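Here's the structure we're looking at; comments come further down.
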Number of protein chains: 2
Amino acid sequence: MARPPKKPAARPKAERYHHGDLPRAMLSEALRTIQRRGIDSLTLRSVGEKLGVSRTALYRHFANKEALLGAVAAEGFRRLRQELFEAWDQGGRGRAGFEAMGAAYIHFAVRHPSHYRVMFGGALAKGDATLPPQDKSADAFGVLVDALVELQGAGLAVSQDAHLLALFVWSVVHGVAMLALDGVLHRPEDTETLSRFAIERLWSGIGVGMPAEAVK
Amino acid sequence: MARPPKKPAARPKAERYHHGDLPRAMLSEALRTIQRRGIDSLTLRSVGEKLGVSRTALYRHFANKEALLGAVAAEGFRRLRQELFEAWDQGGRGRAGFEAMGAAYIHFAVRHPSHYRVMFGGALAKGDATLPPQDKSADAFGVLVDALVELQGAGLAVSQDAHLLALFVWSVVHGVAMLALDGVLHRPEDTETLSRFAIERLWSGIGVGMPAEAVK
DNA sequence: ACCTGAACACCGTTCAAGT
DNA sequence: ACCTGAACACCGTTCAAGT
């Protein structure tokens, strides 16, 4: 009423995001919410509010909520891919690297339970039509296939279809991760114990070499 | 207006369920919807409508929608438990029985994808407070533990903590099942191939006997 | 080219009221 | 003891309108 508004003033938050990369801001805000309050707390309204933007602004950049979740999933596969490769590479790319990669996979899921759940059962499950242009899960999977091929080349892994081997390895770590997230493993040590056991058994089913030393 | 209603008449559907077991009718209606139209189509309104009952009648028998889903999950574990036991028992309770049990697990998940998803990630994940009185997943798990103990007694399985072994086996079949449901395995044959491979590798990591015949 | 505000259809849930 | 009907708070989404 009283004060003469020379500049538009106010709109402090809106100003911040109008010029920036709104799609990216929405993605990272969605990620934040999912990680900290769970998937049920993610509403388009809350995302808009947090970003100082209308609740329908999202539709200028994403087809709908499902598309936003698809972007969240793709980002998850991108990060998983990187963590897997680092574990494999820094682990020395041998047996130790392989086992580090398995542990890193499970660790990622346990550290980001809600994000991990969005990565699966979401866009992936609804048929290829709604998949993002490049399926980011293929990237993460590719790291695993590459590792197995390299192990085979070094005579460290069984020489069988690498794609099938990789699917098997993925099944095992995915299964352990899901059981952990589903609350079947009640104490954190249980996850650790199963994780170690599974990866060790996995190697003795995949790796070639010592004839399964007697289990004492 | 015109016709004099001697008997209450009408209310043809309501009459049918007032005396019956409404909770059970609601559970099976929910199950039907989930199996045929997916979890997103399950609304309390539709359940009530199908049963000729108010959409809030459900609250007389279940705490809320989540509780209904918990009942759906429990029923799923009950059926899974039975199918696992039958596979194990009819398979001869040896190596063949064990492998039949693994195949039956994956088969159950593939045949009832939405139901299987409700079984996990739902009530199980939300902490012990909301779990049903007796955790029905323990029953299905118990069948697996019993089988492993029996295999150990017959000298067919590695002598190690049966609980840990069972968790490992569960991880593998759960992982294969989830990858199949998540659309990672595109063709049905892929599921079959991975399923067979995983169960065979599983046995050679769990069973005792022939020293891992050379993979040709 | 990007964003808003009102409106719409549809949820789960509560609660006073009925029988 | 069991069920109803209206009401409430909260969704995702559409669309004409603004800049």
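Side chains included, hydrogens not; waters and symmetry mates left out as well; all remaining heavy atoms used. Remember, it's a predicted structure, so these values are computed and weren't measured experimentally. So that the names make sense, note that chain A is the first sequence line, chain B the second, and so on, each numbered from 1.
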**Asked** If you check every side-chain atom of B:L44, which of C:dT13, D:dC11, C:dC3 has the closest atom?
**Response** C:dT13

**Asked** Is the side chain of B:T193 donor-acceptor paired with the backbone N or O of B:E189 at a distance under 3.5 Å, no angle test?
**Response** yes

For residues 102-111 of chain A, which side-chain donor-acceptor pairs fall under 3.5 Å, sequence neighbours excluded?
unit_1: A:Y105; atom_1: OH; unit_2: A:Y116; atom_2: OH; d: 2.7
unit_1: A:Y105; atom_1: OH; unit_2: A:W170; atom_2: NE1; d: 2.8
unit_1: A:H107; atom_1: ND1; unit_2: A:R111; atom_2: NH1; d: 3.4
unit_1: A:R111; atom_1: NH2; unit_2: A:E83; atom_2: OE2; d: 3.3

**Complete:** Separation of D:dC11 atom P from A:L42 atom CG, nearest Å, is 11 Å

**Message:** What is the separation between atom NZ on A:K65 and atom C1' on D:dT13, rounded to the nearest whole Å?
**Reply:** 12 Å

Are any protein N/O atoms closer than 3.5 Å to N/O atoms in nucleotides 5-9 of chain D? If there are, list each pair with its distance.
unit_1: D:dG5; atom_1: O6; unit_2: B:T56; atom_2: OG1; d: 3.1

**Message:** What is the separation between atom CZ on B:F62 and atom P on D:dC3, rounded to the nearest whole Å?
**Reply:** 12 Å

**Asked** Looking at CZ of B:R45 and OG1 of B:T56, how far apart are the two atoms once the value is rounded to the nearest 0.5 Å?
**Response** 9.5 Å

**Prompt:** When the ring planes of B:F120 and B:H174 are compared, do they come out parallel, tilted or perpendicular, using 30° and 60° as the limits?
**Reply:** tilted

**Asked** Under a 3.5 Å cutoff on both atom distances, Watson-Crick or G-U, what's the dot-bracket for DNA chain C ([ ] crossing, | other strand)?
**Response** ||.|||||...|||||.||

**Message:** I'd like to check the ring pair (Phe, Tyr, Trp, His ring centres under 6.0 Å) partners of B:F85; sequence neighbours left out, ordered by chain and number.
**Reply:** none

**Item:** Atom-to-atom span, CG of A:D21 to C1' of C:dC3 - whole angstrom
**Value:** 16 Å

**Message:** With a cut-off of less than 4.0 Å, is there a side-chain N or O of B:H61 near OP1 or OP2 of D:dC3?
**Reply:** yes

**Request:** Check the pair A:I199, A:V176 against side-chain contact (heavy atoms from CB on, under 4.5 Å), reporting the backbone distance first and the verdict last.
**Result:** CA-CA 10 Å; A:I199 291 169; A:V176 172; over 6 Å; no

**Asked** When all nucleic acid strands are considered with a 4.0 Å heavy-atom cut-off, which category describes A:L58: base, sugar-phosphate, or nothing?
**Response** nothing

**Asked** Roughly how many Å is it from CG in B:N64 to C1' in C:dT14, rounded to a whole number?
**Response** 13 Å

**Request:** To the nearest Å, give me how far apart CG (A:D40) and P (D:dC10) are.
**Result:** 15 Å

**Message:** Between A:E150 and A:R93, is the salt bridge (charged side-chain N to carboxylate O under 4.0 Å, His left out) condition met? List the steps.
**Reply:** CA-CA 8 Å; A:E150 202 173 313; A:R93 295 169 164 253; 2.8 Å; yes

**Message:** Whole angstroms only, please: what is the CD1-C1' distance between B:I39 and C:dC11?
**Reply:** 14 Å

**Request:** Only counting residues at least two apart or in another chain, list the ones meeting salt bridge (Lys or Arg N to Asp or Glu O under 4.0 Å) with B:D146.
**Result:** none

**Request:** For A:E49 and D:dG12, give me the distance from atom CD to atom C1', rounded to whole Å.
**Result:** 16 Å

**Prompt:** Mind checking what makes salt bridge (Lys or Arg N to Asp or Glu O under 4.0 Å) contact with A:R196, not counting sequence neighbours?
**Reply:** A:E192

